[in-house]
Amino acid sequence: MRTSHTLIPTLREDPGEAEIASHRLLLRAGMIRKVAAGIYTYLPLGLRVLRKIEAIVREEMNRSGAQEVLMPIAAPAELWRETGRWDFYGKELLRFKDRHERDFCLGPTHEELITDLIRRDVRSYRQLPLNCYQIQTKFRDEIRPRFGLMRGREFIMKDAYSFDRDEAGAKISYQKMYDAYSRIFTRCGLTFRAVEADTGLIGGTSSHEFMVLADTGEETIVYAEGGTYAANVERAETLPPAETSSDAPRPLRKVPTPGTRSVEEVTAFLKVSPAQLVKTILYQSSKDLVAVLVRGDHEVNEVKVKKLLGVAALELADPARVTAATGAPVGFAGPIGLRQVRIIADHAVKTLRNVVVGSNEANAHYVDANCDRDFAVEQFADLRNAQAGDPSPKGDGPLRLARGIEVGHVFMLGTKYSKAMNAMFLDPEGKECLAVMGCYGIGVSRVAAAAIEQHHDAKGMLWPIPIAPFHVHLLPLSQSAAVSATAQTLYETLSQAGAEVLWDDRDERAGVKFNDADLIGAPYQLVIGEKGLAQGTVELKERKTGTVKKMAPGDVLAQAREWLGL
RNA sequence: CGGGGCGUAGCGCAGCCCGGUAGCGCGCCUGCUUUGGGAGCAGGAUGUCGGAGGUUCAAAUCCUCUCGCCCCGACCA
């Protein structure tokens, strides 16, 4: 493809709105342009990358036995009401009415639509198992879209849904997808890790997320150093401390702690370690007010709290509610004498003796408080985030933290949707059974962004060959007849051999071409200049390493074949 | 939704505090020269100063409202 008539509007300067590498470089290289917050147009180069990723996804999905379908983006509310998600999904679900005032939404995911299809057309166990997938635009009205393609509102997703006769079959389907995903991300040239994950709004029984490891990732993952355990921090289990403190309980005392609200302030004032304090955090759930107790050096894991309480929504109680419930300003809440509020606590709280807690009175805390003796806890559970150094729940070493970009997520759904929507089939005995489902997503556009986060340098992108917009960037440095003729010949030779060549035929100076080529990041650059040509050579340069090989034009094909694996 | 910031030429920004009718760099167009890492000279085009209202003789600048965008937070008491 020639650049002179291709829309590749590269930018010389960094766009002000972009913070992270992928966003900045996608804009600068003229691959995407913003239309609204979290909504982008893909230009020719950006689209080529997406198509490459899609092709790999398609190949591996087909190889795994899944079949491609295409569902609509607009879905009628009725289907979403059947599963209850019309109310449950919240504001991320973009809703609208058609001209007849009927409710519709833009699909953020397609369990309802696919289940509706299958319940109509799959009646017999003979038709199962079945796995249908699509590659399609999704819309989620994110609270805060950011980082370009990383968290858009409109984005491209591959979503697949499997239907099996029973749990055992569903497990096989799940494993097939897990394996396909591993092949897909490997082929895309990504360093990734599959981790245990929370199922979130999709629901279901278990899931794994595929995380591309990158410091700019929005997710925190924990993994056992040298072991196999790996999980999203939302999900990662923490073990209760092995031993209960053997300290003898001391009498409860109330002490003045003027103006100390935070753990740091209180512990510094009382000269105790944060691990000797229990903080009391008040949450407003969709049902009632709940006090969550965790050790001073721990963090509440809201996902775990939500699960324990069986509620969908949970937020910190606002200061007015805290004061109403505790009788004290925010910062002095404690479990002792706290009435009409459910009190739940992290396991670690149970093993502590003689702790500091809030007194529900301004400017005072209790010291030497002991649970059971001084306050009652309704339920103990794992309610905190895992931290670096915690023991792995699998016992395979201490946990470490890392950042990741979630590019894929596989779920065992069980019968959540088939039950809600009555997706039944007849088994060999003629009995009606619920299909056991799984669902599997890949953020196609996010994969592109993740690849850049992992593969770039100060000058631009460093695309892995399988997803690069082009393999070779052909850079004739002058408009002379000899240079042009050589460029023409090499373009044809390489193209015929299956190499994808971007031919910079613009009348630009060498520096401009080099900089644009480095920015766009094709794995190889083929430089043709007057000087080299006078000596009978052209240069083939590896973008990533900067390694330059001078060779006769006739030797380029063989070298390119070797490097590109053609 | 809360906090902060920003909307001025295609892009990046200055001008705003202290009101007087808009500027710089890059890009774009023309010509000449130049031609291996973002060329030089000369000439040129481009702005409802995000929008609406208000104050004023006069508003990019002050006031009010509004829309959009970016960042942080929406998690620790």
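Please read these numbers as outputs of a predicted model, since none were measured by experiment. In what follows, chains are A, B, ... by sequence order, proteins preceding strands, each numbered from 1.
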Q: Centroid separation under 6.0 Å, is that true for the rings of A/His473 and A/Tyr524?
A: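 No, ring centres 6.0 Å or more apart.
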
Q: Would you kindly give the CD-to-C1' distance between A/Glu17 and B/C11, to the nearest whole Å?
A: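 Interatomic distance, CD of A/Glu17 to C1' of B/C11: 11 Å.
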
Q: To the side chain of A/Arg12, which of B/G38, B/A39, B/G36 is closest?
A: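 Among B/G38, B/A39, B/G36, the one nearest the side chain of A/Arg12 is B/G38.
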
Q: Using a 6.0 Å distance limit plus a 45 degree cone around the ring axis, check whether A/Arg95 lies over the aromatic ring of A/Trp86.
A: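 Judged by the rule, A/Arg95 and A/Trp86 form a cation-pi pair.
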
Q: Give a yes or no on whether the backbone of A/Asp382 and the side-chain of A/Asn301 come within a donor-acceptor separation of less than 3.5 Å.
A: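 Here the side-chain-to-backbone pair does not exist.
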
Q: What nucleotide, of B/C1, B/C71, B/G37, holds the atom closest to the side chain of A/Lys541?
A: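 The answer is B/G37.
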
Q: Name the nucleic acid region contacted by A/Arg28, choosing base, sugar-phosphate or nothing; use a 4.0 angstrom heavy-atom cut-off, strictly under.
A: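 Base, at least one base atom sits under 4.0 Å.
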
Q: With a 3.5 Å limit on both atom pairs, tell me what B/U46 is paired to, counting Watson-Crick and G-U wobble, or say none.
A: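 Per the H-bond distance test, none.
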
Q: Tell me what A/Gly529 touches on the nucleic acid: a base, only sugar-phosphate, or nothing, going by heavy atoms under 4.0 Å.
A: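 Base: the residue A/Gly529, judged by heavy atoms under 4.0 Å, touches a nucleobase.
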
Q: Closer than 4.0 angstrom, basic N to acidic O: yes or no for A/Glu378 and A/Arg342?
A: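 Salt bridge between A/Glu378 and A/Arg342, a charged N being under 4.0 Å from a carboxylate O: yes.
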
Q: In the strands shown, is B/C17 matched to any nucleotide by a Watson-Crick or G-U wobble pair with both distances under 3.5 Å, and which?
A: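 Partner of B/C17: none found under 3.5 Å.
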
Q: My understanding is that a pair needs two contacts under 3.5 Å, Watson-Crick or G-U wobble. By that rule, which nucleotide pairs with B/C32?
A: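 By the stated definition (distances under 3.5 Å), B/G40 pairs with B/C32.
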
Q: Categorize A/Lys513 for me: base, sugar-phosphate, or nothing, with a 4.0 angstrom heavy-atom threshold over every strand shown.
A: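 The residue A/Lys513 makes no contact with any strand.
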
Q: Within the structure shown, what part of the strands sits under 4.0 Å from A/Glu234 by heavy-atom distance: base, sugar-phosphate, or nothing?
A: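 Counting heavy atoms under 4.0 Å across all strands, no contact is made by A/Glu234.
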
